[in-house]
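The block underneath contains the structure these notes are about, expressed in C-alpha cells.
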Amino acid sequence: MQYFKTIFLSFTLLVIISCKSQEAQIVINKLKSDLPVKVLVSKQYKDSTLITLMIPQEIEIHNMFKTDINLTRVSLSQSGADIANFRIGLLQVFKNNELQTTIDKTKFSIGQKIQFKLYASYFSFVTDAEKERILREGKFVKYLFKDKRKVFDLNTLSNTPEFLLKKVKDVNKGFIHLTFYSSKSRKYFSENIPIKF
C-alpha cells in the first residue's frame with residue numbers, strides 16, 4: 001500500500017511541476033496604451049448611425065521556451081476558442097501608423113520579447129446626439145473604403161466618454177486569441193488574454 005502511495009504522490013508532483021513549467025514557457029503582459037480610441041462612422045439610418053468602436057490594446061510577449069516559436073495568428077474571440085465572431089467585431093494590428101486586419105507571421109527567438117499594438121473593434125449604434133458629440137470632440141484622421149467612411153481619433157482610453165465604452169457589453173468584449181507554432185514539437189498552441197476596459 002505504501003508503495004502505491006509513493007507512486008501516486010510522485011506522479012502528482014510530476015504533473016504539478018510539468019504544468020508550472022508549461023505555464024512559465026511563455027509570458028504575456030498587458031501594457032497601458034497611449035494610443036487614442038478610434039471611431040469609424042459607417043451607415044446612417046433614420047435616427048441612428050452604425051459605428052465601429054476601436055479600443056487600443058497593447059501586449060508584450062516573452063518567449064521562454066528553449067526553442068524558437070512563431071506567432072501565426074491574432075484574432076478577437078468572444079469565448080476564448082479559435083473562432084472569430086465577425087458580427088460583433090474584429091481585432092486589428094496597428095503597425096506603421098496603419099490598421100491591418102491580419103498579422104505577419106512573427107518569429108520569436110529564444111528569450112526574445114516583442115510588443116504588439118492592437119485594436120479591438122466592435123460594431124455598435126449611436127444616436128444622432130451621440131454622433132454629433134463624436135464629430136465635435138474627435139479629430140478626423142482619414143477616409144476608409146470606397147464610400148469614404150470617416151475615421152476619428154478620440155482621447156486615450158481613460159479619457160474616452162463613458163457612453164461610448166458602455167456600448168460594448170462585458171460579455172462581448174472577448175479575448176485576444178493568440179496562436180503559436182513550435183517547429184521543434186511541430187505543434188500549435190494558443191493563449192487567451194481577456195479584454196478589459
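Values below: all heavy atoms of this structure, side chains included; hydrogens, waters and symmetry mates excluded.
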> When rounded to the nearest 0.5 angstrom, what is the spacing between NZ in K105 and CG in N70?
Replying inline: 4.5 Å
> Is a side-chain N or O of N63 found less than 3.5 angstrom from the main chain of S109, in a donor-acceptor match?
Replying inline: yes
>> Minimum heavy-atom separation for P194 and K30, please, with both atom names.
In response: O-NZ, 3.6 Å
> Under 4.5 Å between any side-chain heavy atoms of T72 and T179, yes or no?
Replying inline: yes
> Looking at E132 and R136, does any basic side-chain N land under 4.0 Å from a carboxylate oxygen?
Replying inline: no
> So, for S121 and T52, which heavy atoms are closest and what is the spacing to 0.1 Å?
Replying inline: CB-CG2, 3.7 Å
> Do you know the tightest heavy-atom contact between L91 and L76?
Replying inline: CB-N, 3.6 Å
> Measuring from K169:NZ to S124:OG, what's the distance to the nearest 0.5 Å?
Replying inline: 10.0 Å
> So if you build clusters from Ile, Leu, Val, Met, Phe, Trp, Tyr with side-chain heavy-atom gaps below 4.5 Å, do F65 and Y181 land together?
Replying inline: no
>> Restricting to non-hydrogen atoms, name the atom on K46 and the atom on D128 that form the minimum distance, rounded to 0.1 Å.
In response: O-OD2, 4.3 Å
>> Check whether H177 reaches the backbone of V74 with its side chain - one donor and one acceptor, N or O, closer than 3.5 Å.
In response: no
>> Between L99 and K38, is there a side-chain heavy-atom distance shorter than 4.5 Å?
In response: yes
> Hey, does F123 have a side-chain heavy atom less than 4.5 Å from the side chain of L90?
Replying inline: yes
> Between S77 and F175, is there a donor-acceptor pair closer than 3.5 Å when you use the side chain of the first and the backbone of the second?
Replying inline: no
> Relative to the ring of F189, is the ring of F180 parallel (under 30°), tilted (30 to 60°) or perpendicular (over 60°)?
Replying inline: parallel
>> If you define the side chain from C-beta out and look only at heavy atoms, does anything of F163 sit under 4.5 Å from R133?
In response: yes
> Are L31 and L71 connected, step by step, through hydrophobic side chains (Ile, Leu, Val, Met, Phe, Trp, Tyr) whose heavy atoms are closer than 4.5 Å?
Replying inline: no
> Quick one: does K167's side chain have a donor or acceptor within less than 3.5 Å of a partner on F125's backbone?
Replying inline: yes
>> Would you say the rings of Y143 and F140 are close, in the sense that their centroids are separated by under 6.0 Å?
In response: yes
> Quick one: does T49's side chain get under 4.5 Å of I134's, heavy atoms only?
Replying inline: no
> If you take all heavy atoms of D68 and I110, which pair is closest and at what distance?
Replying inline: OD1-N, 3.4 Å
>> Keeping S33 on the side-chain end and L35 on the backbone end, is there a donor-acceptor pair under 3.5 Å?
In response: yes
> Is there a path of hydrophobic side-chain contacts, each under 4.5 Å between heavy atoms of I, L, V, M, F, W or Y residues, that connects V151 with Y119?
Replying inline: yes
> CD1/I61 to NZ/K113 distance, rounded to the nearest 0.5 angstrom?
Replying inline: 12.5 Å
> Charged N to carboxylate O under 4.0 angstrom, K173 versus D170?
Replying inline: yes
> Does some side-chain heavy atom of I195 sit less than 4.5 Å from a side-chain heavy atom of Y122?
Replying inline: yes
> From L178 CG over to L118 CG, what is the distance, rounded to the nearest 0.5 angstrom?
Replying inline: 8.0 Å
> Is there a side-chain contact between V37 and P56, using heavy atoms and a 4.5 Å cut-off?
Replying inline: yes
> Around K43, counting heavy atoms of other residues, nucleotides and ligands shown, do more than 12 lie under 6.0 Å from its NZ?
Replying inline: no
>> Test of understanding: clusters of I, L, V, M, F, W, Y form through side-chain heavy atoms closer than 4.5 Å, transitively. Do Y188 and F108 belong to the same one?
In response: no
> If you take all heavy atoms of E191 and I28, which pair is closest and at what distance?
Replying inline: CB-CD1, 3.7 Å
> Would you call D34 and E58 a side-chain contact if the rule is heavy atoms closer than 4.5 Å?
Replying inline: yes
>> Under 4.5 Å between side-chain heavy atoms, counting indirect links through other Ile/Leu/Val/Met/Phe/Trp/Tyr residues: same cluster for V168 and L165 or not?
In response: yes
>> Using the rule given for side chain to side chain contact (heavy atoms under 4.5 Å, CB included), can you reason through V126 versus V39, listing the C-alpha separation, both sets of side-chain angles and the distance that settles it, and then say yes or no?
In response: CA-CA 11 Å; V126 292; V39 175; over 6 Å; no
> Can you list the steps and then say if K187 with S182 is a side chain to side chain contact (heavy atoms under 4.5 Å, CB included)?
Replying inline: CA-CA 6 Å; K187 291 182 179 180; S182 170; 5.6 Å; no
